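Below is one structure, written out as structure tokens; the observations come after it.
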Amino acid sequence: MKLPALILVGALLASGVQALPARLSDKGLMVDGKPFLILGGEVGNSSVSDPKQMAPVFDKAKAIGLNTLLVPVEWDQIEPVEGRFDFTVTDALLAEARARDLKLVILWFGAWKNSMSTYAPAWVKTDQKRFTRARSAEGVAQDILTPFDEDLLMADVKAFSAFMAHLKQVDTSGVVIMVQIENEIGMLPSARDHSDLATKQFMVTRDTEERFQARSYARFVEAMAKAGKAQYDLPMYVNAALNRPGKLPGEYPSAGPLPHLFDIWKGVAPSVDMLSPDIYFPDFVERVKPYAFKGNPLFIPEAHYAGDAVASANAYYAIGELDAIGFSPFSIENLPDGDPLISAYALLDSLAPLINAQRGKETMRGLRAPINYDGVIDTTPQVFELGGCRFTAAFIDPWTARDKQNPNSHGAMIIQTGKDEFVVAGSGVTLTFADTGKERIGMEQVVEGTYENGVFVPGRWLNGDQTHQGRHLRLPPDTWGVQRLKLYKYN
Ligand code: DGJ
């Protein structure tokens with residue numbers, strides 16, 4: 001950085017103005033001006049609603065090695081009386097995070113949380129004349145406010161804008177890096193709202209019920225994002241409750257940012273940066289793929305419950321294969337002590353500079369055996385090419401008894417770092433190499449090690465029995481490690 005630029009940044013910081021809010025770019029998520037990989041976890045819904053009880057949650061997050069915590073902020077707590085805002089809880093969240101050098105993603109629990117409207121303040125919930133409820137196809141009133149109500153839109157936008165303005169004012173060091181608008185929006189128990197307000201509009205649409213409802217949610221969220229960003233321009237996303245196979249709209253939370261409705265959500269809500277999947281179903285690989293597309297950086301705000309054995313492998317897959325900007329199991333404060341996620345995250349943290357440098361290039365792959373919706377894993381070895389070499393990844397460890405290993409938790413990433421040179425990180429995956437047709441491939445050298453400040457620090461040289469006499473690179477199960485691999489070709 002040239003001197004005048006340095007002076008400008010210094011002056012901005014000294015004046016208390018936030019110099020560099022987080023933003024999305026083609027290099028991924030930029031935080032403090034540098035690429036940032038979210039090694040996150042989302043707290044349980046009520047775990048940080050009392051400042052007096054927050055500290056242990058933040059301590060746990062730090063102990064696990066997270067760099068980011070996803071925390072709710074509740075409309076009912078922030079605006080208990082209309083127009084009177086109380087940011088006590090927000091300020092406490094910022095202070096706890098700042099004290100531990102953690103970043104926050106704020107979840108705005110406003111008009112909707114998991115379809116329902118339980119986080120709306122009492123003055124909204126109880127004023128049924130002013131705030132219209134959604135109704136089922138049978139006309140039964142729901143504990144769900146309708147997105148067709150302009151009064152609700154104005155009230156939620158006002159509260160969210162006040163929140164974002166407050167954040168901009170108090171968060172000068174940039175603790176908050178992203179904001180989620182609402183939570184798992186989705187209509188139940190019908191595909192669309194049947195209130196009079198909605199039905200009047202439905203009469204003149206040609207859309208299906210679910211698409212009609214999705215348009216209305218997306219329009220609402222667009223207004224929220226626009227207004228919020230006008231106060232403080234942070235990356236914003238909406239999260240989706242995924243649908244069970246074979247279920248019809250109305251049987252699952254309908255009209256949220258689901259793959260079959262991407263056109264509506266992207267078209268109607270361009271101010272929303274990301275549509276993000278909450279993945280609790282076993283078929284992670286199939287569920288996550290549709291959300292990684294151009295114009296939609298992949299972020300997984302809820303990735304199973306903390307402690308689920310699949311978590312680390314899913315993280316390596318999403319980050320290595322799909323360039324995810326972050327990963328976050330739910331209920332993170334309940335992660336069991338000694339959970340493998342801790343070492344899997346520590347390794348990812350050390351690799352982050354290398355990972356971030358691969359974005360947009362064809363130099364990184366993520367590997368895991370896919371699991372189907374019924375929980376059945378397919379451990380068929382996977383063949384792939386990287387840097388002119390053909391690899392086969394096996395997910396059953398050859399040197400551990402089958403009943404002593406859990407392939408659901410095996411995963412890896414491989415990064416090409418030079419000609420015939422790779423870094424392989426993970427657990428329970430074994431790589432072999434095939435000839436290219438013209439030449440045969442052998443292992444020149446395998447070294448295990450660690451990454452420190454973006455540099456590989458070599459440890460043991462692996463050879464002999466550890467590489468099956470030069471036949472494979474093996475990442476042992478039940479531990480997360482990194483090895484540097486150099487191949488060579490011969491005829
Ligand atoms: C998904 C929601 O988004 C979370 O807030 C939480 O309610 C979990 N489900 C609990 O299963």
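Positions are given from 1, in the same order as the sequence printed here. All values derive from a computational prediction rather than experimental measurement. Whatever order the structure lists ligands and atoms in, that order sets their numbers, starting from 1.
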Pairwise distance OH(Tyr451) to CG(Leu351) - rounded to 0.5 angstrom: 7.0 Å

Contacts of Tyr305 that satisfy ring-ring contact (aromatic ring centres under 6.0 Å, His included) - sequence neighbours left out: Tyr280, Phe330

List the atom pairs, with distances to 0.1 Å, where a side-chain N or O of residues 99-112 and a protein N or O form a donor-acceptor pair under 3.5 Å, not counting sequence neighbours.
unit_1 : atom_1 : unit_2 : atom_2 : d
Arg100 : NE     : Asp59  : OD1    : 2.9
Arg100 : NH1    : Glu96  : O      : 2.9
Arg100 : NH1    : Glu96  : OE1    : 2.7
Arg100 : NH2    : Asp59  : OD1    : 2.9
Arg100 : NH2    : Glu96  : OE1    : 3.3
Lys103 : NZ     : Asp32  : OD2    : 3.4
Lys103 : NZ     : Gly174 : O      : 3.1
Trp108 : NE1    : Asp156 : OD1    : 3.0
Trp112 : NE1    : Leu145 : O      : 2.9

First-shell residues of ligand 1 [heavy atom, distance under 4.0 Å]: Asn45, Lys113, Asn114, Asn183, Glu184, Asp278, Tyr280, Glu302, Tyr305, Phe330

side-chain hydrogen bond (donor to acceptor under 3.5 Å, both in side chains) between Glu42 and Ser328, intermediate numbers included: CA-CA 6 Å; Glu42 180 165 325; Ser328 162; 4.9 Å; no

ring-ring contact (aromatic ring centres under 6.0 Å, His included): pairs with one or both residues in residues 25-73, sequence neighbours excluded: none

Identified side chain to side chain contact (heavy atoms under 4.5 Å, CB included) counterpart of Pro301 within the set Glu184, Met178, Gln180, Met274: Gln180

